[in-house]
Novice: 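Dropping a structure here in structure tokens format, bear with me for questions.
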There are 2 protein chains.
Amino acid sequence: MSLRHALLALLAARPMTGYDLAKQFDVSVAYVWHAPHSQIYPELRKLEASGLVSAEATPRGTLATKRTYSITSEGVAELERWVAELAPTPPERDAAHLKATYFEFGSFGNARRQFEAHLSHHRRQQLKWETHVAQLEKRDTDLLRRRLAIAPEAEHEAIVAYKVHVYRGLVERARVEVEWAREGLALVDRLEAAGKD
Amino acid sequence: MSLRHALLALLAARPMTGYDLAKQFDVSVAYVWHAPHSQIYPELRKLEASGLVSAEATPRGTLATKRTYSITSEGVAELERWVAELAPTPPERDAAHLKATYFEFGSFGNARRQFEAHLSHHRRQQLKWETHVAQLEKRDTDLLRRRLAIAPEAEHEAIVAYKVHVYRGLVERARVEVEWAREGLALVDRLEAAGKD
DNA sequence: ACAGCCATGTAAGTCGTTACATGATTGC
DNA sequence: GCAATCATGTAACGACTTACATGGCTGT
């Protein structure tokens, strides 16, 4: 149920085509909620059918139509309803930790490879998010500027602050994963040394 | 693809029925990989069909049959293959952080409620995992004892250490979420105070 | 002419959720 | 007799993945 709200939230900043939305999912929203275009296009149709967004269709070539979607007042109301709703936390599903629980079924070398992959992935994530935090703080992303342009000035601080807080949280989370992987590597070293006696 | 491997890993400790497995998913594995019984029973049939587990059927009442599943040597091989495989990291999908990005669509009171729910959820998780770590360290869970009983003594330390490392990682992760929620609450206080001028 | 980006879709399949459905055994 | 727990399934639906498929526009 989050995809529709992610789309509505993006459209609250400015009208966009499905393609624009798919791109935004790659450069910012995807940091918290990933979605491929094959999921986005049908969802936009559903949102349109339920009146939460409206589409302006402009012909493109002879066959295709380009649709620019805007959020409607019902859409804004739905966004507000969603933000006010206390969502149940989803069940845990963590493939990396599941696998690490059973590293004894592989070699020390394998455990190292796995921890190293974990480390480099989350290190990259951390850098990406740190960059994003810096941009948000400078109010230097297209979407944020658009969002601020249509919001009353009194709200600007909160709008920026919430987003910065979210991405700082993700930076911290990535940092913890990196730390966990490093400690994992140290653990493997200890286990291997102990086994050599 | 992780459900099958979680099942295989559990069956590597001891033979179990679908019901036993479902219970294990509630008390330990579910901490990393949740699955309802409606998913477990069909998956066991598939594992049986592909020869990774074998089932011993004992009649139960007039109609039902109770099936006790054991891992086969092919199943162990598949576990080893899975542990050695470098799995791609799944795309981000974090409803709580997504929503927090857009807290400006709700009131300060709402943002507080949301952060408080986040805080208490992850606080509970943290305690649950801390308890689990303590049990693992004392080698005081049924499953772990069974696992150690059939493993060569030289491997015991690693078997315990990997599991402890995983759950400590989850404790840390929960701690970071708790911290994030607390900082969120402080942020809301600051924003509200600033807005009152 | 060709590359690269703009733009939109469908289809098959897997995974997971939620609800429905049934019956046996054990201990009080 | 009743409650709790043991035990096993099915079905409908929704979310997500992966692959396939098509074609337009812009600049070099």
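Letters A, B, ... are given to chains in the order of the sequence lines, protein chains preceding strands, and every chain is numbered from 1. No hydrogens, no waters, no symmetry mates; every other heavy atom, side chains included, goes into these values.
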Novice: Name the closest nucleotide to the A:Met1 side chain, picking from C:dT17, C:dA7, D:dA15.
Specialist: D:dA15
Novice: List the steps, then state whether side chain to side chain donor-acceptor pair (under 3.5 Å) holds for A:Asp20 with A:Thr17.
Specialist: CA-CA 5 Å; A:Asp20 292 332; A:Thr17 64; 3.2 Å; yes
Novice: The side chain of B:Lys46 lies closest to which of these nucleotides: D:dT17, C:dC15, D:dT8?
Specialist: C:dC15
Novice: Any side-chain N or O of B:Arg93 below 4.0 angstrom from OP1/OP2 of D:dA15?
Specialist: no
Novice: Starting at CD of B:Glu48 and ending at C1' of D:dT8, how long is that distance when rounded to a whole Å?
Specialist: 14 Å
Novice: Is A:His37 side chain donor-acceptor paired with the C:dG9 base, going by distance under 3.5 Å alone?
Specialist: yes
Novice: Taking A:Leu11 as the fixed residue, which of A:Leu21, A:Val76, A:Leu52, A:Thr72 is the one that meets the side-chain contact (heavy atoms from CB on, under 4.5 Å) rule?
Specialist: A:Leu21
Novice: Of all the choices, D:dG9, D:dT17, C:dC6, which nucleotide is nearest to the side chain of A:Pro36 once you look at every atom?
Specialist: D:dT17
Novice: Whole Å only: how far is the CD atom of A:Glu92 from the C1' atom of C:dG16?
Specialist: 16 Å
Novice: What nucleotide, of D:dG9, D:dC16, C:dT8, holds the atom closest to the side chain of A:Trp33?
Specialist: D:dC16
Novice: Rounded off to whole Å, could you give me the NZ-to-C1' distance for the B:Lys66 and C:dT26 pair?
Specialist: 13 Å
Novice: What's the CD1-P distance between A:Ile40 and C:dT8, to the nearest Å?
Specialist: 11 Å
Novice: Ring centroid separation for A:His165 and B:Trp180, is it under 6.0 angstrom?
Specialist: yes
Novice: Where each residue is assigned the nucleotide of DNA chain D containing its nearest heavy atom, which of B:Pro42 and A:His34 is assigned the position nearer the 5′ end?
Specialist: B:Pro42
Novice: Here's a test for you: under side chain to side chain donor-acceptor pair (under 3.5 Å), which of A:His97, A:Glu177, A:Lys99, A:Arg123 qualifies with A:His118?
Specialist: A:Glu177
Novice: How many whole angstroms separate atom CG of A:Leu3 from atom C1' of D:dC16?
Specialist: 10 Å
Novice: For this output row, return yes or no: ring centroids of B:His132 and B:Tyr31 closer than 6.0 angstrom.
Specialist: yes
Novice: In whole angstrom, what separates B:Tyr41's OH from D:dC6's P?
Specialist: 11 Å
Novice: Can you see if the side chain of B:Tyr19 gets near the phosphate of D:dT8 - specifically, an N or O under 4.0 Å from OP1 or OP2?
Specialist: no
Novice: Pick the closest DNA chain D nucleotide for B:Gln39 and for A:Ser2 by heavy atoms, then say which residue is nearer the 5' end.
Specialist: B:Gln39
Novice: Look at the side chain of A:Ser38 against the base of D:dT18 and say whether a donor-acceptor pair falls under 3.5 Å; ignore hydrogens and angles.
Specialist: yes
Novice: Is any side-chain N or O of A:Arg45 closer than 4.0 Å to OP1 or OP2 of C:dT8?
Specialist: no
Novice: Looking at the side chain of A:Asp20, which of D:dA7, C:dA7, D:dT17 is the nearest nucleotide?
Specialist: C:dA7
Novice: Measure CZ/A:Arg67 against C1'/C:dC6 and give the value in whole Å, please.
Specialist: 16 Å
Novice: If you check every side-chain atom of A:Lys23, which of C:dC6, D:dC6, D:dT17 has the closest atom?
Specialist: C:dC6
Novice: Does the ring centre of A:Phe103 sit less than 6.0 Å away from the ring centre of A:Phe108?
Specialist: no
Novice: Which part of the nucleic acid, if any, lies within reach of A:Arg4 when heavy atoms closer than 4.0 Å are counted: base, sugar-phosphate only, or nothing?
Specialist: nothing
